[in-house]
Structure formats: structure tokens, C-alpha cells
Enquirer: 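Below are the C-alpha cells for one structure; questions will follow.
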Amino acid sequence: MRKIFAGYAKVEKNIYTLIFALFFIQLINASFGLLRNYLLLEKGYKDFEIANFTSYNYIAIAIIAFPLGLFIKGRKLKKWFSIAMGFLPLIAILEVYAIDHHMDVLIKILMLCWGLAFACLSATQTPYFLLNSKKENHSEIFALIFQTYTLSTILAGSLHYLFKCFMPFLGNDRNFLYLFSCLGIFAIYFLLKLDKDEVTSEKIPILQAHKTYDWMVILSVIIPSTVIAIGAGLTIQFINLFFENVHHMKSDTYSLMLAITYVLVGLVTFIIPAIKKNFGYNVAITLVQVLAIVFLFLLASTEWYNEKWYAIYLAMFFFIFRQPLMNAAGPMTSELSNHYVGEKNRELVSSLSASIWSGSWFFSAKIFEILRAGNIAYSTILIITALMYCVGVGGYQLLIRSYYRKLRLGLIDELDPVQQNF
């Protein structure tokens, strides 16, 4: 345990300052992930209509993230994520107002704006963290980035449940979203404390991009991520609809369950850098994700016997243990990808990842909309997700093999490699 804490103690102060800013933005993201769909259901929207709205969140990121990644190479990154963090609380507040007043066109516009802001944030935060920190701290930094969403989800879920029980006015889904949207404003305080000095990467002219970047290397990283992204988009953004429609779970119970789940997510994510350093990516990524897929299959099966009294408890059990496993692999797949492609390609990979994930989630939302409009069972959608995860995990396993092969040949530098034979 002391070794685990020692790793986090070495992370630079400036990195922690940005982590705190990111945490307050993730409070907005987590609360909307918890309750936006419930608020839309409360206002009379059907699940396929919700999927249609949700798709607008991601189409903007898909469109601009890639050209943004080309543009920001060699440029200062702080202003990009600062602008995004500054506007997100206002966008969130207006979105709640639009949902509350059935302003459908405004909802779509605001979700597009949400996507634009997150495109700027997604494309710039990872390169900033990597460029402005020591390489030996990267595992802990990736874990901290993921912990911001974990901790914000724990806080949002537990407070929503408590407010629902003891302070019904604040526990109201609409008012709770207003509250957490306002809390996001505190991110500006930490952005103002961020050091002005910033390390930038070498600039690459946009017109030279086609022959400067290592496109085959980038493609080998992007393919498994894309497959997993499409599957994840069918499930993650609509899992609360599964619990509501299949197991009749209300928002306060779902919030409490998610808070408990993310306590485990936080613990597992906290120790995953130590697991990677001791056992390598095969355990930290492949084994962890395979176990998560098993639990997802089991979660899907609960719809087949949802009339049984114990079905909801089994669904909760499978979900609570599936989430930490799938989330724990996230920091390590990000680290693996960024180390594999090298410093020259990182900004582009970050923006491409944001673009592909968001584009995939856009199409996933549309697929979900079509499937649910045709009354396709939620269990079928979850099983499709699990099968796509299987393909994606297989892709990451091939990437891990290639990574260790290049490591042995000296083509990749790593300060704490776990040598493995294949």
C-alpha cells in the first residue's frame, strides 16, 4: 500500500491542479449521466426519443475532434480546455431548462454545444498531461484522470439518494441537475491557479500530416478502441433505462447503486497502476476486461426472468462488479495507446479517439433508437455489446503482444517494463 501511495505522491503539483478542475467538470458529467434520462422520462419522452436527443451530444465531437487534433499540434493547449470548462456549466444549466420546458429544438442545439465543449476538452487534456509530467508518473496520472469521474459519480449518486430521502426539494431530479451544473463553475478557480508555463509538442503543418504521422501505428491503436466504443455506446449511455424499464428501478435507487459501484471503481482504479507494474498489461487490461464481459452477459440474462423477486438483486450484483472491472482497464488502455504511438502522434490519437468514440456513440444512439422503436429486448442489446467487447479485447491483446515485442527490440522506451514472453 505504501508503494501505491508513493507513486501518487510523485505526481506534479500542476497536474493535481488540473485534476481538481477536471473533477468539478466531471460533477456535471456524472450527474447528467445519472439523471438526464430520468428527467426526460419524467417529462414524457420515450426511450427511443431520448436516444435521438443523446445522439446530438456526440455528433459535434465526431465532426470537429479530428481536425482539432491536427490544428493543436505544437500549440498551447491550456486555452482550449479552459474555454471548454468555462462554458460547460452554462450549457448544462440551459439544457435542464430546455428539458423542463419541452423545448426540443433547444435541447438538440445545447447537446451539440455540449459536444463541441467536450471535443475541446477531450482532444487537449491527455496531451497536456503527458507533455507536462514525467514519464514515470504516467500510470498514476491516467488513473487520476479516470478517478475524477469515479469520485464525481460517487458524490452525485450518494447525495442524490440522501437529498431524495431528507431534502426532497434538492432531491428532485431537475433541481439536483441545476445544483451540480452550478458546482462546475468552481473549475474556473483551479484553472486560474494553473501555471502559465506550458510544454508544447513539436509543430507539424496540417498540409504535411498525411506523410508525417505514423498512420499504420495509429490505426492499430484505433481499431480495437472503435469496436469497443460502438458496443459501449449501445449500453453505457442507456443503462439507467434498462434498470428503469426492465427492473422498475427509480432514480434514487439507481443513484445509490451507482455510488456504491463507483466506490469499488475508485478502489480498483487506484491500484491498477501497481497491478500493471507488477503483472503487465495482460492482467491489467485483458484479464480484467474478460471478467467484465462475463458479468455483462450475466446482467443481460436478468431480463429473461425479471418477474422473479430476486432478478433485480442479481442485476444489481452483476452491475456492481462489472463496472469496476471494465472501468479499471480504461486508464491502462489509454496509457498503452499513448506509449505505443509515441510522442509525435499523441495529440492526433487523443483527438481521433474523441472523434471515434463520439462518432461511434452517435451511431450507437441511432442504432439503440431503431432497436427500441422496434421493441427489441434490452437483453439483446446488452449481448450485442458484450460480443463487440470480445472482439475489441481481442484487438487489444494483439496490440499488447506488439507492444512487448517492440519493447524487447528497443523500439519503445519504458521505465518500468514487465517483460513477458509470447
Side-chain angles (χ1 to χ4, degrees), residues 28-66 88 91-92 95-96 98-99 102-119 121-122 149 177 222 225-246 254 258 296 299-300 303 323 326 330 352-389 391-392:
I28 300 175
N29 203 20
S31 61
F32 273 70
L34 276 170
L35 300 174
R36 177 197 277 140
N37 290 347
Y38 278 106
L39 180 60
L40 286 162
L41 286 173
E42 180 186 326
K43 296 301 175 181
Y45 294 102
K46 305 297 182 183
D47 55 3
F48 58 88
E49 293 175 313
I50 294 172
N52 177 258
F53 285 135
T54 304
S55 67
Y56 285 86
N57 249 341
Y58 302 107
I59 188 60
I61 307 179
I63 292 172
I64 75 159
F66 176 61
L88 275 167
I91 294 169
E95 185 178 316
V96 177
I99 293 172
H102 283 266
M103 303 170 72
D104 293 6
V105 174
L106 184 57
I107 293 173
K108 294 176 181 178
I109 292 172
L110 290 168
M111 287 196 171
L112 277 170
C113 293
W114 180 294
L116 290 171
F118 264 99
L121 184 57
S122 300
Y149 185 77
L177 288 175
I222 291 300
S225 176
T226 302
V227 176
I228 288 180
I230 295 171
L234 287 171
T235 297
I236 293 175
Q237 51 190 338
F238 306 115
I239 195 67
N240 48 8
L241 296 178
F242 165 78
F243 278 101
E244 163 67 23
N245 290 321
V246 174
Y254 178 77
L258 207 62
L296 184 57
L299 176 62
E303 184 172 11
Q323 287 297 102
M326 207 65 199
L352 264 176
S353 295
S355 180
I356 287 171
W357 268 82
S358 298
S360 300
W361 280 38
F362 168 77
F363 289 112
S364 296
K366 288 299 182 184
I367 293 168
F368 181 91
E369 179 185 354
I370 293 169
L371 292 176
R372 286 304 299 153
N375 290 317
I376 301 300
Y378 277 92
S379 58
T380 301
I381 297 172
L382 294 182
I383 289 172
I384 292 172
T385 296
L387 292 173
M388 298 198 73
Y389 278 163
V391 176

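Each residue takes its place number in the sequence, starting with 1.
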Enquirer: Check the pair F118 / I91 against side chain to side chain contact (heavy atoms under 4.5 Å, CB included), numbers first and verdict last.
Expert: CA-CA 11 Å; F118 264 99; I91 294 169; over 6 Å; no

Enquirer: Could you check whether any side-chain heavy atom of F48 comes within less than 4.5 Å of a side-chain heavy atom of L241, counting everything from C-beta outward?
Expert: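 No, too far: nothing below the 4.5 Å cut-off.
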
Enquirer: With sequence neighbours excluded, what pairs up with I222 under the side chain to side chain contact (heavy atoms under 4.5 Å, CB included) test?
Expert: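 By the side chain to side chain contact (heavy atoms under 4.5 Å, CB included) rule, I222 matches I218, T226, L352, S353, I356.
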
Enquirer: Taking salt bridge (charged side-chain N to carboxylate O under 4.0 Å, His left out) as the cut-off, I'd like each qualifying pair that reaches into residues 226-245, sequence neighbours left out, listed once.
Expert: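 Applying salt bridge (charged side-chain N to carboxylate O under 4.0 Å, His left out) to every pair that reaches into residues 226-245, excluding sequence neighbours, yields E244-K250.
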
Enquirer: Would you give the length of the straight line joining atom CZ of F243 to atom CG of N37, rounded to the nearest 0.5 angstrom?
Expert: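 Taking CZ in F243 and CG in N37, the distance rounds to 13.5 Å.
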
Enquirer: Can you list the steps and then say if L39 with E42 is a side chain to side chain contact (heavy atoms under 4.5 Å, CB included)?
Expert: CA-CA 5 Å; L39 180 60; E42 180 186 326; 4.2 Å; yes

Enquirer: Any chance you could measure L234, atom CG, to L371, atom CG, to the nearest 0.5 Å?
Expert: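 That separation rounds to 7.0 Å.
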
Enquirer: Apply ring-ring contact (aromatic ring centres under 6.0 Å, His included) to F242 and list each qualifying residue two or more places apart in sequence or on a separate chain.
Expert: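 Only H247 meet the ring-ring contact (aromatic ring centres under 6.0 Å, His included) criterion with F242.
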
Enquirer: Taking side chain to side chain contact (heavy atoms under 4.5 Å, CB included) as the test, write out the residues that go with A365, two or more places apart.
Expert: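 Result, side chain to side chain contact (heavy atoms under 4.5 Å, CB included) vs A365: S55, Q237, F238.
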
Enquirer: Would you mind writing out the side-chain donor-acceptor pairs for residues 372-379 within the sub-3.5 Å range, not counting sequence neighbours?
Expert:
{"unit_1": "R372", "atom_1": "NE", "unit_2": "D47", "atom_2": "OD2", "d": "2.9"}
{"unit_1": "R372", "atom_1": "NH1", "unit_2": "I376", "atom_2": "O", "d": "2.7"}
{"unit_1": "R372", "atom_1": "NH2", "unit_2": "D47", "atom_2": "OD2", "d": "3.4"}
{"unit_1": "Y378", "atom_1": "OH", "unit_2": "D47", "atom_2": "OD2", "d": "2.9"}
{"unit_1": "Y378", "atom_1": "OH", "unit_2": "N245", "atom_2": "ND2", "d": "2.9"}
{"unit_1": "S379", "atom_1": "OG", "unit_2": "E303", "atom_2": "OE1", "d": "3.3"}
{"unit_1": "S379", "atom_1": "OG", "unit_2": "W304", "atom_2": "NE1", "d": "3.1"}

Enquirer: F53: which residues meet the ring-ring contact (aromatic ring centres under 6.0 Å, His included) condition with it, sequence neighbours left out?
Expert: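 Only Y45 meet the ring-ring contact (aromatic ring centres under 6.0 Å, His included) criterion with F53.
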
Enquirer: Quick one: list whatever passes ring-ring contact (aromatic ring centres under 6.0 Å, His included) with Y56, sequence neighbours left out.
Expert: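 Result, ring-ring contact (aromatic ring centres under 6.0 Å, His included) vs Y56: none returned.
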
Enquirer: Could you measure the distance from the CG atom of N29 to the CH2 atom of W114? Nearest 0.5 Å is fine.
Expert: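 It comes to 5.5 Å.
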
Enquirer: Can you confirm whether I239 sits close enough to L299 that some side-chain heavy atom of one is under 4.5 Å from a side-chain heavy atom of the other?
Expert: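 Result yes, sub-4.5 Å side-chain heavy-atom pair found.
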
Enquirer: Rounded to the nearest 0.5 Å, what's the gap from CD1 on I99 to CD1 on I50? Could you check?
Expert: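 Rounded to the nearest 0.5 Å, the CD1-CD1 separation comes out at 9.0 Å.
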
Enquirer: Of all residues at least two apart in sequence or in a different chain, which pass the salt bridge (charged side-chain N to carboxylate O under 4.0 Å, His left out) check with K366?
Expert: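 E369.
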
Enquirer: Report the distance from atom CG of L40 to atom NE2 of H102, rounding to the nearest 0.5 Å.
Expert: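 So the CG of L40 and the NE2 of H102 are separated by 9.0 Å.
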
Enquirer: Taking side chain to side chain contact (heavy atoms under 4.5 Å, CB included) as the definition, give me every residue that meets it alongside A98, ordered by chain and number, with sequence neighbours left out.
Expert: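 For A98 the side chain to side chain contact (heavy atoms under 4.5 Å, CB included) partners, ignoring immediate neighbours, are M103, L106, I107, L110.
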
Enquirer: Show the nearest heavy-atom pair for residues I383 and A300, with the distance to one decimal.
Expert: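 For I383 versus A300, the nearest heavy atoms are CG1-CB, 3.9 Å.
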
Enquirer: Kindly write out the residues that satisfy side-chain hydrogen bond (donor to acceptor under 3.5 Å, both in side chains) with T385, not counting sequence neighbours, or none if the list is empty.
Expert: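 Residues passing side-chain hydrogen bond (donor to acceptor under 3.5 Å, both in side chains) with T385: T235.
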
Enquirer: According to side-chain hydrogen bond (donor to acceptor under 3.5 Å, both in side chains), who are the partners of K46, at least two apart in sequence or on a separate chain?
Expert: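 K46: no side-chain hydrogen bond (donor to acceptor under 3.5 Å, both in side chains) contacts found.
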
Enquirer: Run the side chain to side chain contact (heavy atoms under 4.5 Å, CB included) check on E95 and L177 step by step: do they pass?
Expert: CA-CA 10 Å; E95 185 178 316; L177 288 175; over 6 Å; no

Enquirer: I would like to know whether N240 and L34 meet side chain to side chain contact (heavy atoms under 4.5 Å, CB included); could you show each step before the answer?
Expert: CA-CA 7 Å; N240 48 8; L34 276 170; over 6 Å; no

Enquirer: Please round to the nearest 0.5 Å and tell me the distance separating atom CG of L121 and atom CG of L88.
Expert: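 Answer rounded to 0.5 Å: 7.0 Å.
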
